[in-house]
There are 2 protein chains.
Amino acid sequence: MPARRNPAASSESVDNYLKAILALSGPEERRVASTSLAARLGVAPASVTNMLQKLGAAPSPLVEYERHHGVLLSPAGRRRALEVLRHHRLIETFLYELLDYPIEEVHAEAERLEHFISERFEERIAAKLGHPKFDPHGHCIPAMDGKMPKQKSVSLTDVEHEGAFVVDSVSDWDAPLLKRLKARGIAPGVRLRTRRRTPDDDYAVSLGNSSRILHLSPDAAGAIRLCSVHH
Amino acid sequence: MPARRNPAASSESVDNYLKAILALSGPEERRVASTSLAARLGVAPASVTNMLQKLGAAPSPLVEYERHHGVLLSPAGRRRALEVLRHHRLIETFLYELLDYPIEEVHAEAERLEHFISERFEERIAAKLGHPKFDPHGHCIPAMDGKMPKQKSVSLTDVEHEGAFVVDSVSDWDAPLLKRLKARGIAPGVRLRTRRRTPDDDYAVSLGNSSRILHLSPDAAGAIRLCSVHH
DNA sequence: CTAATAATTTAGGTTCGCCTAAATCCGCGA
DNA sequence: TCGCGGATTTAGGCGAACCTAAATTATTAG
Ligand SMILES: [Mn+2]
Ligand SMILES: [Mn+2]
Ligand SMILES: [Mn+2]
Ligand SMILES: [Mn+2]
């Protein structure tokens, strides 16, 4: 009798659920609905329910789950999610900086490898990279203790007035889109000016000191987060 | 009805079976018995039979399997096994050369990662390393086309006469043993002299120009392969 | 040539992560 | 307050990759 080991200790799937909950619950740590998890993970809603029940019922649960009321990460779950996120972003940085990957390819590779590297690997690439604080998309890399500064950036889609900004980060979700942004010169750290717009306008911005105006699709704009420039 | 996809296309498990068959069938490509596969993979013999039946029955089989008569890799299976072996040894070299892993730790990490890296990753680390031909244990890294020069080394356990050799390779199988060998100065490329011995003697060798004699256990000797020095 | 021993396969069962179809629940608009 | 539609859960199943115990087959010593 193999003394039934702790179910759901961790696995690629579990890790991905935890990371998705972390992302979807946002800085305010809202409860996350199964449907949104299902959409994000590309699985059926029933599969989500199943997994959440299992995770929530384990001896030391990784999530706090209540029927019909969504989930939250438990402290242990949050710790694990941040660890995987740290792996993800360190790997991305490593691929970009040391292996010269094109930026739009780092995400997919990191998405797999994040689950399989050892603590030693994590530590070694972090050291090699000089303990970076940001990944190539401009996202913050959680520290080893799970601490991560709150982000105070806004989505370009939420800016309606004219203003001067710096690109904080770009979404890594959609590789082709990311490639297009790169081709247009939009990358973290780039200075960017917005113009006043009404809901019907497209997103018109100019970069650096150039006066050339770029017109961005809503998709593209949605992938860009900005910081104001009053340093 | 989701149009039943090619079963056993490839997976971590399948890869490990193929690699094990490649290793156990040796340069002469002997048929491999389920028992030896079971022992090497650390699974029950019944599990091996199961897997071999599945692999052998697939539309384009990765192995040629005959009840009660062991398996052989098919050309496709051999190709895949060599690809995974190439991954393994490139990753080991990468961890050793670029991430400063201690030699006894590279194997375990490579054993996992070999299944999850992309072609791009493979190509990039190979380039970064200058397309190495040997891994840190002295094992040959298969080329991209799967070609690999025949090894013409002998196990230290098969040497009974006095002679001058160069250490060709050390086994990566047993990390503690590997660490001990390292501590004793035994590594690929090191010059090593054997003395005449009878089956009851231990393995007595001296390294480089030193006259100091090392006495090796059968385990240690079994982990060392030698080349003669007539260059 | 036979019989026992060793190797191998078959039978039956588990866990994980997923799916579809069929309930069920819940909040909101009339 | 009622009931409807969307969100969610339940029920029933599947394939991978394992396992143990019980056949079965091969080999080999006498
Ligand atoms: Mn992932
Ligand atoms: Mn990123
Ligand atoms: Mn492996
Ligand atoms: Mn090796």
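Chain A is the first sequence line, chain B the second, and so forth, proteins listed ahead of strands; every chain is numbered from 1.
- Closest to the side chain of A:V43, from the set C:dC19, C:dG17, D:dT25, is C:dC19.
- Pairs passing the side-chain hydrogen bond (donor to acceptor under 3.5 Å, both in side chains) check and including a residue from residues 118-127 of chain A, sequence neighbours excluded, read A:R86-A:E122, A:H87-A:E122, A:S118-B:E109, A:R120-B:E105.
- Distance, B:N16 CG to D:dC18 C1': 14 Å, rounded to whole Å.
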For residues 61-71 of chain B, run the donor-acceptor check on the side chains, cut-off 3.5 Å, and write out each pair with its distance to 0.1 Å, sequence neighbours left out.
residue: B:E64; atom: OE2; partner: B:R31; partner atom: NH1; Å: 3.3
residue: B:E64; atom: OE2; partner: B:R31; partner atom: NH2; Å: 2.9

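- Under the ring-ring contact (aromatic ring centres under 6.0 Å, His included) criterion, B:Y17 pairs with no residue, sequence neighbours left out.
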Which protein N or O atoms sit under 3.5 Å from an N or O of nucleotides 10-13 of chain C?
residue: C:dT10; atom: OP1; partner: B:R67; partner atom: NH1; Å: 2.8
residue: C:dT10; atom: OP2; partner: B:Q53; partner atom: NE2; Å: 2.4

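- The CG-P distance, from A:L55 to D:dT9, rounds to 13 Å in whole Å.
- In this structure, A:K182 places its NZ atom where more than 12 heavy-atom neighbours from other residues, nucleotides or ligands lie under 6.0 Å away.
- Position along DNA chain D of the nearest nucleotide to B:S13 versus A:V48 favours A:V48 as the more 5'-ward residue.
- Two residues, B:G70 and A:E12, neighbour DNA chain C, and the one matched to the more 5' nucleotide by heavy-atom proximity is B:G70.
- Using the six-membered ring where Trp is involved, A:F121 and A:F94 have ring planes that are perpendicular, over 60° apart on the 30 and 60° scheme.
- Going from atom NE2 of B:H115 over to atom C1' of D:dA17 covers 14 Å, rounded to whole Å.
- Distance, B:H68 NE2 to D:dA23 P: 16 Å, rounded to whole Å.
- Here the P atom of nucleotide D:dG6 and the NE2 atom of A:H69 are 20 Å apart, to the nearest Å.
- B:S34 comes within contact range of the sugar-phosphate backbone alone, with a heavy-atom separation under 4.0 Å but no base atom that close.
- Between B:L52 and A:G42, the residue whose closest nucleotide on DNA chain C is further toward the 5' end is B:L52.
- A:K54 places its NZ atom 16 Å from the P atom of D:dT9, with the value rounded to the nearest Å.
- Under the rule for a salt bridge (charged side-chain N to carboxylate O under 4.0 Å, His left out), the partners of B:E29 that lie at least two apart in sequence or sit in another chain are B:R78.
- Here the P atom of nucleotide D:dT9 and the CE atom of A:M51 are 14 Å apart, to the nearest Å.
- The nucleotide whose nearest atom lies closest to any side-chain atom of B:S47 is, among D:dC19, C:dC18, C:dT20, D:dC19.
- Rounding to whole angstrom units, OH of residue B:Y17 and C1' of D:dA16 are separated by 11 Å.
- Among residue pairs with one or both ends in residues 131-156 of chain A, those qualifying as ring-ring contact (aromatic ring centres under 6.0 Å, His included) are A:H137-A:H139; sequence neighbours excluded.
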